[in-house]
K.L.:
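Dropping the structure in here first, questions after.
In listed order, ligands and their atoms are each counted from 1. The structure presented is a predicted model; accordingly, all values stated were derived computationally and were not measured.
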Amino acid sequence: MLRTHTCGELRTDHVGEEVTLGGWVDTYRDHGGGLFVDIRDRYGKTQVVFGPESGTELLEASRALRSEFVIAATGTVAHRPEANVNEKLATGQIELRCTKLEILNKSLTPPVSPSQIELPSEDLRLKHRYLDLRRAKMHETLELRSRIIKGMRDYFEDHQFIDVETPVLGRSTPEGARDYLVPSRIHHGSFYALPQSPQLYKQILIMAGYDRYVQVARCFRDEDLRADRQPEFTQLDMEMAFVEADDVIDIIDGLTVKLAKEILNLDLQQPLPRMTYDEAMQRFGHDAPDLRFGMELVDFTDLAAQCEFRVFRSVADNGGHVRGINASGGGKRYSRKDIDELTEFVKNDFGAKGLAWFRVEDDGTLFSPIAKNFDQSLLDQIADRLAARPGDLLLFVADGWEVTCKALYGLRKRLGAELELYDPATMHFSWVVEFPMFDHDELENRWVAKHHPFTAPRSQDMELLDTDPGACRAQAYDLVINGSEAGGGTIRIHDRTIQQKVFSLLGMDEKDARERFGFLLDALQYGAPPHGGIALGIDRWVMLLGGLDNIRDCIAFPKTQRATDLMTDAPGTVDRQQLHELGIRVIPADEKS
Ligand code: ASP
């Protein structure tokens, strides 16, 4: 080894020992009489001192050091003089008095400085990822990621799961997003699809008797990227045979409890809390509610029907909903101008037509420009339902169900943070279960699978497939951490007739279904046991457990929001010969409508 210790290792116990450290020059300070260099590696930093006792030659040589030079420094471990002790640094009691210096490699002036606290632009960091990854925070995050994945692997191995790899070049398995396609050279005009998930492979493995499967699987979805999505991401993918929803939830509860303890030293109670999708939409307007604070949505449609305020009345009379929240403490915090801004927020971001509000005065009365349209008994009931207290701000949206959900969910999320209704360091884990089987695509007037087409309806809802698909609830479950979906899964259909019926509801006749999923329909006829599973988003787990707010910080080499890798410059063009072999001609961008 070119080093005897790491840069995070030396303590007062080592004083007097001769050691060699290898690492990068983090910072250097020339004090005339001596040079102080912090040398850094993955494990920490150690102060290396070049003083008069190092000899003139070595002192001079050390003056050539610059940021990010890679060096090997040999010397004696010594106590730091009292005044130089750094309590914040693990090695802050000692320093290395250098007797031999080797410059192993030089560095240009780094455009991204690993020692700098203030970060440069993210584009610059991603372009020079080899420098950005040197930062202590990135090391900490990638180590956390590694521990989470190891924790998961150990847990599933302890529970008799076996790890099976599934192909990356496959046929598309629809999870609702666009596929990444890979042209086949051998089969001119044919394409592989990169897996959106190993969904069908894992179901096939179950049918083949591998009754507990797990994989840390890379998945690819060619979507327009939202802030916390990546075109390629990693899932902990698992599947089990002979189970019901409760069994899968139970296994994941056990994993969550274990990881919360290992990673956060948090004692969670098993089972984790559960609520149905319908309840989540009613109480929070969203299927992944943040349960770290209250501010629940309350329905006022019945009261709205009795008031004189035209907007409320007409929405209530026409089958819409009037719902509200109590932004507790918001009456004092938000001025009229702020409320105007909140109104623009719900209009622009969620398509609401407006925002009605009441401020709760010190004497408990409700103040609002629209208050005159409500008699006292209605005002009392409004205050009562929202448990209004002086200083609160009551906010209402009147619209169709979905708009009220979206707008109030958005408001709740924003105001919960702004009013500091929870400690951002707290963690909340829960389940949302029994999602609808289908969403209705209004534009195309057809049903689309809410999760994926292999999801089983609740057994009591089987008839609804024929009579009222919109009301049909699935054996589906999502794990929610702090208001983010951290995983989702379902019990699958294991009966060919039901699978075909669901395909038909989704607009696939027998022929289409055969063409796309013939292998699944066939396999279902050769003895498929009841089964179900789940996938957990590992990148998101790292983000949430690490208290980070950017998914790209949880991945060593992420893509930008425009799906590019700024370091390698992917995607890139390829030469004509490569395209020719694939039988592909590229349409110039300006001809592609
Ligand atoms: N394949 C699903 C997904 O990636 C997860 C599952 O149903 O197990 O969302």
K.L.:
Examine Glu239 against ligand 1 and note whether any of their N/O atoms are separated by less than 3.5 Å.
P.N.:
no
K.L.:
Keeping to residues at least two apart or across chains, list the side-chain hydrogen bond (donor to acceptor under 3.5 Å, both in side chains) pairs with something in residues 154-163.
P.N.:
Lys150-Asp154
K.L.:
Give the atom numbers and elements of ligand 1 that come within less than 4.0 Å of a heavy atom of Lys202.
P.N.:
6 (C), 8 (O)
K.L.:
Suppose we screen for side-chain hydrogen bond (donor to acceptor under 3.5 Å, both in side chains). Which residues come up paired with Ser184, at least two apart in sequence or across chains?
P.N.:
none
K.L.:
Applying a heavy-atom cut-off of 4.0 Å, say which part of Arg221 lies close to ligand 1: side chain, backbone, both or neither.
P.N.:
side chain
K.L.:
Do Arg145 and Thr234 pair up side chain to side chain, a donor and an acceptor below 3.5 Å, judged on atom types alone?
P.N.:
yes
K.L.:
Does Gln196 have a heavy atom less than 4.0 Å from any atom of ligand 1?
P.N.:
no
K.L.:
Between the side chains of Gln230 and Asp539, is a donor N or O closer than 3.5 angstrom to an acceptor N or O?
P.N.:
no
K.L.:
Does Arg492 approach ligand 1 within less than 4.0 angstrom via side chain, backbone, both or neither, non-hydrogen atoms only?
P.N.:
side chain
K.L.:
Once you restrict to heavy atoms under 4.0 Å, what part of Ser197 touches ligand 1? Side chain, backbone, both or neither.
P.N.:
side chain
K.L.:
Against heavy atoms of Ile534, which atoms of ligand 1 measure under 4.0 Å?
P.N.:
8 (O)
K.L.:
Distance only, no hydrogens: is a donor on one side chain within 3.5 Å (strictly under) of an acceptor on the other, for His321 and Asp399?
P.N.:
no
K.L.:
For the pair Glu296 (side chain) and Arg283 (backbone), establish whether a donor and an acceptor sit closer than 3.5 Å, ignoring hydrogens and angles.
P.N.:
no
K.L.:
List every atom of ligand 1 that sits less than 4.0 Å from any heavy atom of Ala535, numbering the atoms from 1 in the order shown and giving each element.
P.N.:
5 (C), 8 (O)
K.L.:
Quick one: does ligand 1 sit under 4.0 Å from the side chain of Met238, the backbone, both or neither, non-hydrogen atoms only?
P.N.:
neither
K.L.:
Looking only at side chains, do Thr497 and Asp495 share a donor and an acceptor under 3.5 Å apart?
P.N.:
yes
